[in-house]
Amino acid sequence: MNGDFTLYTPTKVVFGHDAEAKTGALVKAFGGTCALIHYGGGSVVRSGLLDRVKASLDEAGVRHVELGGVVPNPRLEKVYEGVALAKANGVDFLLAVGGGSVIDSAKAIAYALAEPEYDVKELYEHTRAPKACLPVGTVLTIAASGSEMSDSSVISYEDKKRGCNSDLCRPKFAVMNPALTATLPAYQTAAGCSDILMHTMERYFVQGPKLELTDAIAEGLLRTVMRYAAVLRDDPENYEARAEIMWAGSLSHNGLTGCGNDGNDFASHRLEHELGALYDVTHGAGLTAVWGSWARYVYKNCLPRFVRFATNVMGVAPQASDEETALKGIAAMEDFFRSIGMPTNLRELGVHPNEDDILLLAHNCAVATGGKVGSAMKLYEADMANIYRMANA
Ligand code: NZQ
Ligand code: ZN
């Protein structure tokens with residue numbers, strides 16, 4: 001029923017200057033006696049964050065082992081490596097120090113350890129639902145995925161990129177020091193801001209009436225992210241802007257901006273996941289590369305939402321017709337993406353699929369979504385191919 005909802009967001013947020021110093025005490029408070037510190041390609045080593053986190057664990061008397069090397073679009077092989085290491089060392093807590101890729105890999109390891117009799121891959125193949133998960137905590141270094149509060153873990157294997165969603169993996173805590181994100185390359189900052197916008201837009205462009213308060217939160221979040229993404233483009237070390245974006249990243253994907261709607265859209269995300277699987281693109285950039293094409297394909301089917309978005313979020317003055325207003329709103333969002341250096345088509349993303357590739361992308365997306373996806377408009381395999389074609393023009 002429209003207006004009904006369940007919001008479950010159990011993650012303790014510790015936000016602000018030097019927040020990482022509290023990590024050890026948090027792991028201990030949530031029952032961890034031996035933590036697997038999981039991290040990525042080395043940014044946390046170079047910044048000194050890893051050493052500070054280890055010192056905090058030592059101070060709290062929490063044993064730890066570590067495993068780095070998680071890549072963007074994290075791989076199942078690394079998950080298996082983490083599982084073996086954790087088993088050999090009696091790990092009872094997963095501590096992700098990094099971004100969405102690290103957090104999602106940690107969640108996968110946590111699932112695997114809690115039900116060791118099964119292959120964790122089954123969860124991502126959707127042949128089995130998880131029944132347990134070890135506790136996960138996070139020290140976030142990039143505002144983007146929202147995985148620090150979300151119910152989702154997205155893992156890549158073979159030529160697939162698949163998600164597993166369950167409240168079981170929602171992190172126990174999220175340590176968020178906005179200053180830690182100041183070392184991000186400009187492209188990653190912009191891609192992160194775009195992903196944050198998309199997590200709210202995927203919940204905004206839906207059919208049926210919505211709660212006014214939820215809409216107001218969503219619109220305020222979108223305007224705030226656009227405003228501070230522009231600040232960071234020109235002044236990457238601006239702490240206030242880092243803080244606004246970081247907090248928005250968590251609220252955008254913890255469920256808040258979807259409260260009371262009757263099912264999210266997430267078509268752009270599912271289209272992007274196939275691009276990620278085939279071309280290993282940066283998630284946020286893959287999203288902006290397809291969003292405009294998706295929006296032009298579906299807007300007539302969800303016109304009041306697109307008109308509201310144009311006026312309340314993008315500041316478009318009402319045009320002669322609702323369709324014109326909606327199209328101006330879409331164009332304004334694409335202008336914004338370009339203004340922060342994000343692609344608005346596949347060419348700008350740096351991928352050049354031929355017709356066979358497009359059919360494969362659409363087929364894989366249809367398989368992954370059980371044949372259809374979307375709320376603004378239900379998309380089937382032929383629609384998915386059409387949107388990829390539009391984005392490829
Ligand atoms: O690996 P390191 O060296 O740390 O470098 C990373 C990586 O190259 C770098 N980085 C992160 N923090 C940094 C930094 N570099 C300098 N200074 C810092 N402070 O940034 C690069 C990207 O990191 P990644 O973790 O891949 O980024 P993001 O947080 O955007 O995560 C992307 C992954 O999350 C998934 C995406 O599909 C993708 O696989 N998603 C997960 C979701 C979820 N679990 O709820 C929802 C999302 O929609 C998304 O699908
Ligand atoms: Zn996303």
Side-chain angles (χ1 to χ4, degrees), residues 9 11 20 38-50 67-76 78 96-108 111 124 136 138-157 160-167 169-171 174 176-203 236-237 242 245-246 249-250 252-255 264-277 280-288 290-291 368:
T9 175
T11 306
E20 65 271 22
H38 207 26
Y39 61 94
S43 71
V44 302
V45 179
R46 290 189 294 279
S47 67
L49 174 63
L50 186 63
L67 179 64
V70 178
V71 293
N73 298 323
R75 307 286 313 175
L76 188 59
K78 183 58 75 178
V97 184
S101 297
V102 172
I103 300 170
D104 287 2
S105 185
K107 287 176 174 176
Y111 277 133
Y124 296 86
V136 177
T138 72
V139 180
L140 190 65
T141 65
I142 170 172
S145 70
S147 187
E148 68 278 7
M149 291 182 88
S150 84
D151 67 349
S152 173
S153 162
V154 186
I155 297 293
S156 294
Y157 50 94
K160 299 178 189 169
K161 178 171 174 175
R162 296 282 188 272
C164 170
N165 289 62
S166 147
D167 281 334
C169 79
R170 288 193 193 262
M176 288 193 255
N177 174 359
L180 296 178
T181 66
T183 52
L184 278 166
Y187 187 77
Q188 288 294 341
T189 296
C193 291
S194 303
D195 193 19
I196 295 168
L197 291 170
M198 285 300 308
H199 291 153
T200 287
M201 284 152 70
E202 299 277 27
R203 293 169 165 91
E237 305 220 340
R242 291 279 173 198
I245 295 293
M246 198 171 215
S250 300
S252 198
H253 202 38
N254 73 353
N264 302 324
D265 189 87
F266 273 87
S268 301
H269 263 75
R270 304 310 290 265
L271 292 164
E272 189 288 328
H273 280 181
E274 298 312 322
L275 292 170
D280 203 17
V281 296
T282 298
H283 173 62
L287 289 171
T288 62
V290 296
W291 182 79

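Note that ligands are numbered from 1 as they come in the structure, with each ligand's atoms numbered from 1 the same way.
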Is the closest N or O pair between K107 and ligand 1 shorter than 3.5 Å? no
Quick note on ligand 1: atoms under 4.0 Å from a heavy atom of N73 include exactly 38 (C), 39 (O)
Closest to atom 22 (C) of ligand 1 among protein heavy atoms sits Q188 OE1, 3.4 Å
Per-atom filter on ligand 1: closer than 4.0 angstrom to a heavy atom of H253 are 45 (O), 46 (C)
Short version for D104: what comes under 4.0 Å of ligand 1, heavy atoms counted, is side chain
So for A144 against ligand 1, with non-hydrogen atoms under 4.0 Å, the contacting part is side chain
Is the closest N or O pair between G42 and ligand 1 shorter than 3.5 Å?
yes
* Asked: Looking only at distance, does G41 have an N or O less than 3.5 Å from an N or O of ligand 1?
  -> yes
Note: M198, heavy atoms under 4.0 Å from ligand 1, region reported as neither
Under 3.5 Å, side-chain donor or acceptor atoms of residues 143-151 against the rest of the protein: list the pairs with distances, not counting sequence neighbours.
| from | atom 1 | to | atom 2 | distance (Å) |
| --- | --- | --- | --- | --- |
| S145 | OG | S147 | N | 3.0 |
| S147 | OG | D104 | OD1 | 2.6 |
| S147 | OG | K107 | NZ | 3.0 |
| E148 | OE2 | S250 | OG | 2.6 |
| S150 | OG | K107 | NZ | 3.4 |
| S150 | OG | S152 | N | 3.2 |
| D151 | OD1 | N165 | ND2 | 3.1 |

Test side chain to side chain donor-acceptor pair (under 3.5 Å), reference E202, set H253, R270, H269, output is H269
query = Any side-chain heavy atom of S166 within less than 4.5 Å of one from Y111?
reply = yes
To the nearest 0.5 Å, atom CD1 of I142 lies from atom CD1 of I245 at 11.5 Å
G40 heavy atoms within 4.0 Å reach ligand 1 at atoms 1 (O)
Exercise. Hey, is P74 one of the residues with a heavy atom under 4.0 angstrom from ligand 1?
Worked result: yes
The reported gap from OG in S153 to CZ in R162 (rounded to nearest 0.5 angstrom) is 13.5 Å
Looking only at protein heavy atoms, what sits closest to atom 5 (O) of ligand 1 is S43 OG, 4.0 Å
### Query
Within less than 4.0 angstrom of ligand 1, does V44 place any heavy atom?
no
In the complex you have, is atom 47 (C) of ligand 1 within reach of the protein, judged by whether a heavy-atom distance drops under 4.0 Å? yes
So the protein N/O/S atoms within less than 2.8 Å of the Zn ion (ligand 2) come down to D195 OD1, H199 NE2, H269 NE2, H283 NE2
Q.
Is there a side chain to side chain donor-acceptor pair (under 3.5 Å) between R203 and S252? Walk through the geometry before answering.
A. CA-CA 9 Å; R203 293 169 165 91; S252 198; 5.5 Å; no
Residue, atom and distance of the protein heavy atom nearest atom 8 (O) of ligand 1 read P72 CG, 3.8 Å
Looking only at protein heavy atoms, what sits closest to atom 29 (O) of ligand 1 is G100 N, 2.7 Å
Going by the 4.0 angstrom heavy-atom rule, the piece of S150 near ligand 1 is side chain
*K160 and Y124, any side-chain heavy atoms less than 4.5 Å apart*: no
ask   = Going by distance only, is there an N or O of H283 that falls short of 3.5 Å from an N or O of ligand 1?
value = yes
- Decide whether an N or O pair under 3.5 Å exists between R46 and ligand 1. no
Check: With a 4.0 Å cut-off on heavy atoms, does K161 reach ligand 1?
Finding: yes
Under 4.0 Å from one or more heavy atoms of T183, ligand 1 contributes atoms 16 (C), 17 (N), 18 (C), 19 (N)
Practice problem: Answer yes or no: does an N/O atom from S101 fall short of 3.5 Å to an N/O atom of ligand 1? | Solution: yes
The residue among N177, L180, I103 that forms side-chain contact (heavy atoms from CB on, under 4.5 Å) with L140 is I103
With heavy atoms and a 4.0 Å threshold, my read on which part of L180 contacts ligand 1 is backbone
